[in-house]
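I'd like to ask some things about the structure below.
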Amino acid sequence: MKILVTVKRVEDPEIKIKIKADGSGLESEQMKYVVNPFDEIAVEEALRLRDTHEGEVVILSLGVADCAQQIRTALAMGADRGVHVLTDETLDPTLASLAMQKVIEDESPDIVLMGKQAVDDDMGQTGVMLAERLGWGQASFASKEASLESEEEKSKQTALNVSDNKVTVVREVDGGIETLCLNLPALITTELRLNIPRYASLPGIMKAKKKEIKEFPLRDLIGDAQPLVEVLKMEKPAARAAGMIVSDVPQLMEKLRNEAKVI
Amino acid sequence: MSWPPVSEELTMFRKTVRDFVEKEMAPHALEWDEAGIFPKEIFKRFGEMGFFGISYPEEFGGSGLDYWFSVAFLEELTRSKNAGVNMAMTVQSDIALPPILEFGSDELKKEFLMPAIAGDRIAALGVTEPDAGSDVANIRTTARKVGGDYVINGAKTYITNGCRADFIVLAVRSGDEGYGGISLVLFPTDTPGFQVSQSLKKLGNLSSDTGLLFFEECKIPERYVLGEENHGFYYIMTGFQRERLAASLLAVAGMDRMMEDAVRYTQERQAFGRPISKFQVWRHRFAEMMTNIEAARQLTYMAVDKFVAGENPIKEITMAKLFTSELSQKVAYDCLQAHGGAGYMTEYDIARSYRDARLLTIGAGSSEVMKEILGKMEGF
């Protein structure tokens, strides 16, 4: 079985971000980048599927030359090889999904796994659009019934169940669990509760060095297609004023009425 | 100067150690201290992550990398904020196992080194005795030859991992008095006559087990001797260098952690209408601290650089051990002081770091021993 996992290079959520003075984007100086955490979960699930059913795990990333670091991270976790679509452009979900479609049509995997969203812009559209472009069945927000503390998780069992050219996927919905069955090939996006991703081990890191990463320039794949969404401006939310402690309810009412003017 | 080297693998490795330590260990720092022990499973996890095999050849399950990878491992390990578990792990990776690689036969490497690198067997180093510490030439635990075996009698104390080790790299007297009569042997702890007499209570490093061990007519096969019989003193002295280098690196990174905690606390804590860090007394003290820590790091890195180049930089390592461990006392004191009353509460990391730092001028050879070594080398 061949599984393709998309991996996005995102700003490290644990680092304070700075917006460029002209509001056109984020300062990249001193910024650290990581693999989108949802994508790490997708990589983990793919590795488990491969170890259960054999086959290979291919990592796909779109972006600047340094995206190779995030591909290497996934290779160090145990994925087999990488595909890097090179571009310095900022991609909206329509362009990202178009480029992915081209790679996937060439690779023809049985399953495409991706994070349900990237933690940088939180759009959450790429997976949905990609499935539509491919004309494949999709299951978004894949989760699992067993807890992340369960023995099932500890023994690294797959949450996705593949047999007879079909995959069953569990999703959390309001008030219960929904189980979907999809024909392969299929596209699945991952929720946080799907698994606990492994760490890259030192032997894994050293092996990753020798694994292949194929490179394609973005425009070779998508011609002159244009984005549908453009980011006009970024700005910081207004700073919150300091709070205060009031001594009693009458004072609270007075402050709400006359200072905050909310009642 | 070219340290520390930069490579993509080194950066990735540093990150993977940091992620693991911050997520799997740091949240348990207080709990493990209170329990007086950390879960044995950590050894296995470290084995799986390749942390014990960094510089060991691939044929024995290691990654065959240079010491700068060990530097990254040791430095990031301090993010656990628990020196007890760090010491236990370092004993395995950098103290008990190197003599097996360096002096052991392939047969012994397969039997002892490989499962330890995999994290399946826990190792300890047994040198110190109730009556001999740095004065290794005077150890009294005896190994007498009977047929094809050694029969061991004696006691060892302050042995890290001693209470749950599967084997001990043990210093024994197999020959005459003095340094020429000492051998290093591999001692499986399921040998009849071996007894963990006591898990010793300590001032700091509470999460690691420290054993007082007794050996009574313990029989092990002669082939368990490392290298040549009666050459153990030299092997131990060689091992001390690596142990002291690791201790220096842990001390420097430990100071970074304490200072980070103190700076963060003083930036958050308000007094008289402003953060404590905005008082000149603390700003200046942190500026001095930062400078001293950096000086300590560069001295240590110089020793690492020579060590990686294959030299035997005894002088540099000894100076680094002396300087970093003594400076740690001052940094621990000041960083706890910066926390005020909170620093005296065990729920704050700095309280534990303060207790744990005290061992640094004692373990792996005391400051006084370091000064004696330097004095002798320089002919003062």
Side-chain angles (χ1 to χ4, degrees), chain A residues 7 9-16 31-37 40-41 43-44 47 51 59 65-79 82 84 148-149 151 153-156 192 195-211 213 242-245, chain B residues 6-26 39 41-42 44-74 76-77 79 93 114 117-119 260 264 267 270 273-275:
Chain A
V7 158
R9 172 182 172 88
V10 297
E11 286 79 12
D12 186 341
E14 281 162 35
I15 282 191
K16 268 189 198 159
M31 180 48 72
K32 282 191 178 167
Y33 295 89
V34 296
V35 172
N36 175 37
E40 277 187 329
I41 292 168
V43 173
E44 175 65 35
L47 296 174
D51 295 344
I59 302 299
D66 282 346
C67 272
Q69 292 164 4
Q70 280 63 47
I71 299 178
R72 289 269 176 234
T73 301
L75 297 179
M77 287 170 73
H84 183 179
L148 292 180
E149 274 84 48
E151 281 308 311
E153 172 59 29
K154 278 182 189 142
S155 61
K156 299 201 183 299
L192 277 182
N195 61 46
I196 301 172
R198 71 193 64 187
Y199 300 90
S201 71
L202 180 54
I205 290 169
M206 300 317 291
K207 273 185 213 145
K209 209 170 136 178
K210 295 172 195 128
K211 291 176 181 171
I213 300 180
M244 63 167 68
I245 292 175
Chain B
V6 182
S7 73
E8 200 178 322
E9 292 76 42
L10 198 49
T11 308
M12 276 174 75
F13 178 57
R14 190 177 277 282
K15 181 175 180 319
T16 215
V17 181
R18 180 185 298 199
D19 286 352
F20 182 88
V21 170
E22 284 185 344
K23 287 182 197 143
E24 309 290 330
M25 297 169 73
E41 179 205 326
I42 297 292
K44 183 65 195 156
R45 304 277 319 261
F46 268 52
E48 285 168 354
M49 295 289 292
F51 294 168
F52 292 140
I54 298 169
S55 57
Y56 298 86
E58 290 180 45
E59 57 176 313
F60 301 114
S63 292
L65 296 163
D66 73 34
Y67 192 73
W68 285 111
F69 279 82
S70 295
V71 171
F73 165 68
L74 294 166
E76 296 305 319
L77 192 54
R79 294 179 192 277
S93 65
M114 284 184 78
I117 285 175
E260 283 161 13
R264 193 182 320 112
Q267 283 173 345
Q270 303 267 335
R274 53 182 162 154

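Throughout, a chain's letter reflects where its sequence line sits, starting with A, and its residues are numbered from 1.
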### Query
How are the rings of F73(B) and F51(B) set relative to one another: parallel (under 30°), tilted (30 to 60°) or perpendicular (over 60°)?
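Tilted: the ring planes of F73(B) and F51(B) meet at 30° to 60°.
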### Task
Can you see which heavy atom on P37(A) is nearest to which on V10(A), and at what distance?
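Heavy atoms of P37(A) and V10(A) come nearest at CD-CG2, 4.5 Å.
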### Task
Check each atom of I54(B) against the heavy atoms of chain A and say whether the ones under 4.5 Å are side chain, backbone, both or neither.
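Both parts, backbone and side chain.
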### Query
For the atom pair CD1 (I196(A)) and CG (L148(A)), what is the distance rounded to the nearest 0.5 Å?
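Interatomic distance, I196(A) CD1 to L148(A) CG, rounded to 0.5 Å: 5.0 Å.
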Using atom types as modelled and no hydrogens or angles, find all donor-acceptor pairs between chain A and chain B shorter than 3.5 Å.
from	atom 1	to	atom 2	distance (Å)
Y199(A)	OH	E24(B)	OE2	2.6
A200(A)	N	T16(B)	OG1	3.4
A200(A)	O	T16(B)	OG1	2.5
L202(A)	N	M49(B)	O	2.9

### Query
Who are the side chain to side chain contact (heavy atoms under 4.5 Å, CB included) partners of A208(A), not counting sequence neighbours?
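Testing A208(A) for side chain to side chain contact (heavy atoms under 4.5 Å, CB included), a comparison that skips the adjacent residues, returns L75(A), A76(A).
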### Message
Testing the basics here: between I117(B) and G62(B), what is the closest heavy-atom pair and its distance to 0.1 Å?
### Response
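The pair with the smallest heavy-atom distance is CG2-N, 4.3 Å.
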### Message
For a quick test of reading the model, state the closest non-hydrogen atom pair linking A72(B) to F13(B) and the distance between them.
### Response
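Shortest heavy-atom separation between A72(B) and F13(B) comes out as CB-CD2, 4.3 Å.
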